[in-house]
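One structure coming up, written as structure tokens, with questions to follow.
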Amino acid sequence: MKFVLNDELIEDNTLPSDFSALRYLREKRGLTGTKEGCGSGDCGACTLLVGALEEGELKYSTFNSCITPVQSLDGKHVVSVEYLSDADKLHPAQQAMVEHHGSQCGFCTPGIILSLASLYENSQASDKTIDRESVCDAISGNLCRCTGYRPIIDAGLSMQNLPAEEPTPWSNLADNTESVKAKLASLQGEAKAANNYFQPQTLAEALNDQSGS
């Protein structure tokens, strides 16, 4: 298993098949900004931002890391909430949440931030306008018991206006896009060269050791 975690290339073939991405981040990497709430993929506190290289461009989506096997992230760019900001440079999703007071107890905030960041990054890549419907859709998997969602929605709507302000809020995510693309392209090349994907059609083929081990 190989993937890019924030800006680091990870290779780890020692984990059991049922080891979740949430456990990997918190227990193996010490990235505790990602929270465990329900543990069943319902509340969104454990949301991760995951990027895939498609036709040379990074496209991001959100995953409930508590029910996502870490092996399924092979070849992907995994973004934890710690990676979005660099010192005093906030990602537009973070800056908007601050300005609109979108966080109260804070437990759900990391997941909401990453859901909004996914919306922001994809809208920037496609030049699509962020509207109320797209914001509500982006955070539909995030449960917040404190705010009533109005300030969170206001934050989502204001994200696209932030780059025009001074100082420009930006992020590690934007600054390192080309570096991440290069790493993912390399992983895709390795996977293609290895040609080690097997799809048995019969029981005999499934029981046959194709790996050579």
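Starting from 1, each residue takes its place in the sequence as its number. The structure presented is a predicted model; accordingly, all values stated were derived computationally and were not measured.
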* **Gap separating the CD1 atom of Ile139 from the OG atom of Ser115, nearest 0.5 angstrom** => 8.0 Å
* **Distance (rounded to the nearest 0.5 Å) between Leu9 CG and Lys2 NZ** => 7.0 Å
* To do: Answer yes when Arg29 and Glu8 have at least one side-chain N-carboxylate O distance shorter than 4.0 Å, and no when they do not.
  => yes
* **salt bridge (charged side-chain N to carboxylate O under 4.0 Å, His left out) involving Glu54 - partner list, sequence neighbours excluded** => Lys59
* **Gln94 (side chain) donor-acceptor with Ala117 (main chain) under 3.5 angstrom** =>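 Not a single qualifying donor-acceptor pair exists.
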* Do Met159 and Tyr149 share a hydrophobic cluster (ILVMFWY, side-chain heavy atoms under 4.5 Å, transitive)? -> yes
* Say whether, by atom type as modelled, one donor and one acceptor occur between the side chain of Lys183 and the main chain of Asp7 under 3.5 angstrom. =>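 Yes; at least one donor-acceptor contact below 3.5 Å.
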* Donor-acceptor pair, Ser134 side chain versus Ile130 backbone, under 3.5 Å? ->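 No; zero donor-acceptor contacts below 3.5 Å.
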* Ignoring hydrogens and angles, tell me if any N or O in the side chain of Asn64 forms a donor-acceptor pair with the backbone of Thr47 under 3.5 Å. =>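 Answer holds: no.
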* To do: Using modelled atom types only, decide if a donor and an acceptor are shared between the side chain of Gln160 and the backbone of Lys128 within a distance under 3.5 Å.
  =>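 No, Gln160 side chain to Lys128 backbone: no donor-acceptor pair under 3.5 Å.
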* Would you say Ser72's side chain and Pro69's backbone share a donor-acceptor pair under 3.5 angstrom? -> yes
* Look only at the side chain of Arg26 and the backbone of Thr32, and say whether a donor-acceptor pair between them is shorter than 3.5 Å. => yes
* To do: Without swapping roles, check the side chain of Asn142 against the backbone of Gly44 for a donor-acceptor pair under 3.5 Å.
  => yes
* Structure fact -> From the list Cys66, Ser65, Pro110, side chain to side chain contact (heavy atoms under 4.5 Å, CB included) partner of Thr34 resolves to Ser65
* Keeping the roles fixed (side chain from His77, backbone from Asn6), state whether a donor-acceptor pair exists under 3.5 Å. => yes
